[in-house]
Protein chains: 2
Amino acid sequence: MNMQAFSKQVGLSAYTLRYYEKIGLLKNIRRNASGHRSYSNKDREWVGFIVRLKETGMPLENILQYAELREIGKGTLVERQQLLEQHQAYLTRHIALQLSHLEALESKINWYKSNKMN
Amino acid sequence: MNMQAFSKQVGLSAYTLRYYEKIGLLKNIRRNASGHRSYSNKDREWVGFIVRLKETGMPLENILQYAELREIGKGTLVERQQLLEQHQAYLTRHIALQLSHLEALESKINWYKSNKMN
DNA sequence: TTACAAGTTAGAGTTCCCTCTAAGTCAATT
DNA sequence: AATTGACTTAGAGGGAACTCTAACTTGTAA
């Protein structure tokens with residue numbers, strides 16, 4: 001799969017995909033005869049996971065850490081699990097915070113609604 | 001209330017508080033005889049709301065928009081309510097997304113857990 | 001009365017995460 | 001043979017949100 005199609009599929013610009021490769025988040029992307037990148041299904045899965053981590057607020061540096069452990073292989077399974085569990089804890093806290101913010105926002109909106117009839 | 005104490009209370013650095021003033025997010029902060037800022041309870045409430053909006057992912061530019069409407073006065077109640085309702089919708093979607101990400105993360109963690117016994 | 005802490009300003013610097021530019025290559029079409 | 005379009009690279013540029021520096025003032029305490 002070429003750059004353009006892959007970019008559309010994963011929702012990242014070609015610039016961003018090259019950037020992720022530059023910083024080491026993506027490795028060993030296959031090239032075709034003319035030197036163009038050719039993305040595989042494995043690449044799609046991996047980028048999908050990167051996007052998930054990113055969308056939940058994990059900085060690229062931390063994702064990179066995970067990526068490097070993954071690169072090393074089976075010996076790092078425990079460490080990777082720990083990283084994800086830490087992030088899970090963070091995300092759980094984050095969601096709780098967002099929910100409380102949503103409540104506060106709703107009560108502010110209700111204040112506006114009741115103030116309309118003044 | 002002076003800079004230092006206020007900074008601690010609202011959880012923003014003195015730098016950030018000055019920066020917010022510079023970009024117009026904070027206005028008419030009282031000054032004492034020696035020209036130092038003196039924050040009021042109203043200021044604390046307003047900064048608290050700014051922080052809430054910021055923590056739920058609203059860009060400063062949008063918060064500034066709300067701030068400017070607020071500055072104008074009662075005539076902008078409807079507009080402000082609309083802004084908040086848009087943000088409420090955004091936040092609701094955001095939380096739903098985060099929850100789905102959390103689920104996916106948990107199933108990934110479970111995969112790690114079951115792979116331990118290989 | 002000199003030292004120190006806490007403030008002030010304008011403006012420069014930093015971090016994160018892209019995003020774009022310039023110059024070039026390659027394969028397919030006209 | 002020339003044009004088109006999608007790619008390639010290294011490295012520059014950009015926006016958001018701070019964060020810090022330098023030079024200065026002011027009030028308190030020793």
Inset, instruction - Ignoring backbone atoms, test whether A:Asn2 places a side-chain nitrogen or oxygen under 4.0 Å from the OP1 or OP2 oxygen of D:dA6. - result: no
Legend entry - For atom CZ of B:Arg37 and atom C1' of C:dG7, their distance in whole Å: 9 Å
Legend entry - Ring centroid separation A:His94 to B:His94 under 6.0 Å: yes
Inset, instruction - Calculate the interatomic distance between A:Arg31 atom CZ and D:dC7 atom P; express it in whole Å. - result: 12 Å
Inset, instruction - Specify the residues of residues 12-28 of chain A, ordered by number, for which at least one heavy atom lies under 4.0 angstrom from an atom of DNA chain C. - result: A:Tyr15, A:Thr16, A:Tyr19, A:Tyr20
Legend entry - Any donor-acceptor N or O pair under 3.5 Å, side chains A:Ser107, A:Asn110: no
Inset, instruction - For the pair A:Arg37 and A:Glu21, find out whether any cationic side-chain nitrogen is under 4.0 Å from an anionic carboxylate oxygen. - result: yes
Inset, instruction - Determine, for nucleotides 23-30 of chain D in 5'-to-3' order, which nucleotides have protein heavy atoms under 4.0 Å from the base (write B), from only the sugar-phosphate (write S), or from neither (write -). - result: ---SS---
Inset, instruction - Specify the residues of residues 50-70 of chain A, ordered by number, for which at least one heavy atom lies under 4.0 angstrom from an atom of DNA chain D. - result: none
Legend entry - A:Ile29 CD1 to D:dT8 C1', straight-line distance once rounded to whole Å: 15 Å
Inset, instruction - On the 0 to 90° scale, with breaks at 30° and 60°, tag the B:Tyr112-A:Tyr66 ring pair as parallel, tilted or perpendicular. - result: perpendicular
Legend entry - B:Glu106-A:Gln88 side chain donor-acceptor pair, cut-off 3.5 Å: yes
Legend entry - Donor-acceptor side-chain pairing of B:Glu85 and B:Gln81 below 3.5 angstrom: yes
